[in-house]
There are 2 protein chains.
Amino acid sequence: MPDTIHVALFDDSKAIRDSLGTLLGTTSGIGLCGCFPDAVQVLEKVAACKPDVVLMDIDMPGPLNGNGIDAVRVLHAERPDLPIMMLTVFGDEDRVYDSLRAGAVGYLLKNDDPSSLLEAIQDVHGGGAPMTPSIARKVMLHFQRQGMPKDAPAVILSTREKDVLQALVDGLSYKMIADRLDISFETVRSHIKHVYEKLHVHNSAEAVAKTLKGRLLG
Amino acid sequence: MPDTIHVALFDDSKAIRDSLGTLLGTTSGIGLCGCFPDAVQVLEKVAACKPDVVLMDIDMPGPLNGNGIDAVRVLHAERPDLPIMMLTVFGDEDRVYDSLRAGAVGYLLKNDDPSSLLEAIQDVHGGGAPMTPSIARKVMLHFQRQGMPKDAPAVILSTREKDVLQALVDGLSYKMIADRLDISFETVRSHIKHVYEKLHVHNSAEAVAKTLKGRLLG
DNA sequence: GCATCAATCCCACGTTCGGGGGAGGCTTGC
DNA sequence: GCAAGCCTCCCCCGAACGTGGGATTGATGC
């Protein structure tokens, strides 16, 4: 049966392993080729059972610092073409996001209904990346941030505006900026107000982040 | 009615405008605030009808080089917080992908059933980014491509301290950080106090700068 | 058992920011 | 000439921040 999708499952919860394992093992078109309570020596385990798709619990205790994300990093580095899907619970978006950065291609909720799970596995095996809109949005933000390689500068700052922005990046307070540039406190505020408008930000931290990530300054 | 989502629709097909417009106009919780056959002067049109969400046909003729993607670019540059969703047909993945690069946050198929459309609009308005697995996978590839070289941490932050620091980099206020991490405002302040001590900084701008320059976070 | 530390929460206090105005002088370009 | 943009300065005012003290719980380590 060449069109059977072989799945390896990593989860420290026996209940999950049992229920998910049974579901996967009894579904036509999908076969459970390995089932593990931890991800130590994940490379060896994967090499042994040769899965097409890996399901990895996002929250697994173990020597790999307490979750499955490091296992994803290791596995993805070694086997970049092997799709990994995270198992998680509702509301754990930050770690899902970290997992995606580590190399996972998607995730599914442990309490999704069976048909969704199977559909997601087929999506992944078929080259897709199932994710919810809110996760997708986080990915999009980072994706678009570097979307423009060498395009227009996008934001045009005046000389003085660049000066105060640089000073912000250097961690100076408004008062210290005024001193460095030898202008009044109010002028500093005025420039910063304009910078915030142009960058579409609302505080110094965001301005600095956008500046450094977008290389707005020399 | 503060909980009504105001939608602006751009599509050159009268049939689509009529059917979609009627659907949106008659759904409670959603209001059609503008409906246009082209995207010329898109900024003015949007400014006039003040939508919460923009629906943009991906394939619209006009002076803006033949599709709605340039309109997205223009609109997103000026109004980065205004979510734009593309209207497309099945199998048009490359242009959907281009749209996402241009700043759209999601897309929907013109022949999706009405409930999916409405759900997607609500997703987008709620900060999500609805997309299909195959589109998501394309995004993921580029997203993971720019894996960063990991240097020495130099400074050891606890898990929670990294969380709040990341939130600072994202431009959030203390209040918003408390909300994101589901902890109290005071706890956020406490964590940030410790982060500042460890990084030897005295404000958020400096902390963000040191973080991004030193690659202290994943 | 005890020390340590991370993580959570609280209070008080002054300082700093952020956003909303406005205004005058200056150069640049149409 | 006049609009537009930049640079400079000023006011008000509320919200947010930074720093100084605490406290409690739980896990970890010796």
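Reminder, nothing fancy here: chain letters follow the sequence lines and each chain counts from 1. Source: prediction; values computed, not measured.
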Donor-acceptor check, side chain of B:T27 to backbone of B:I30, threshold 3.5 angstrom: yes or no?
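Answer holds: no.
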Salt bridge (charged side-chain N to carboxylate O under 4.0 Å, His left out) contacts touching residues 39-56 of chain A (sequence neighbours left out)
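Residue pairs with at least one partner in residues 39-56 of chain A: A:D38-A:K45.
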Euclidean distance, B:K175 NZ relative to B:S184 OG, rounded to 0.5 Å:
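One finds 12.5 Å between OG of B:S184 and NZ of B:K175.
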[X] side chain: which of [options] is closest?
X      : options               : result
B:H191 : C:dA6, C:dT8, C:dG18  : C:dT8
A:S158 : D:dC6, C:dG18, D:dC10 : D:dC6
A:Y174 : D:dT8, D:dG18, C:dC17 : C:dC17

Here's a test of your reading of the structure: between B:I183 and A:L172, which maps to the more 5' nucleotide of DNA chain C?
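Residue closer to the 5' terminus by nearest nucleotide: B:I183.
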If you pin B:R189 and B:S184 to their nearest nucleotides in DNA chain C, which one's is more 5'?
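Its nearest nucleotide lies further toward 5', so the answer is B:S184.
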Given side chains that start at C-beta, do those of A:T211 and A:L199 come closer than 4.5 Å, heavy atoms only?
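Yes. Closest side-chain heavy atoms under 4.5 Å.
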Does the base of C:dC9 carry an N or O that pairs as donor and acceptor with the side chain of B:S190 under 3.5 Å?
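For B:S190, whose side chain was compared with the base of C:dC9, there is a donor-acceptor pair (under 3.5 Å).
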Using only modelled atom types and a 3.5 angstrom limit, is any donor from either the side chain of B:K193 or the base of D:dG20 paired with an acceptor on the other?
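Result: at least one qualifying N/O pair found.
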Spacing of A:E197 atom CD relative to C:dG21 atom C1', expressed in whole Å
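One finds 12 Å between C1' of C:dG21 and CD of A:E197, rounded.
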Below the 4.0 Å mark, does D:dA16 have OP1 or OP2 next to a side-chain nitrogen or oxygen of B:K175?
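For D:dA16, OP1 or OP2 has a side-chain N or O of B:K175 closer than 4.0 Å.
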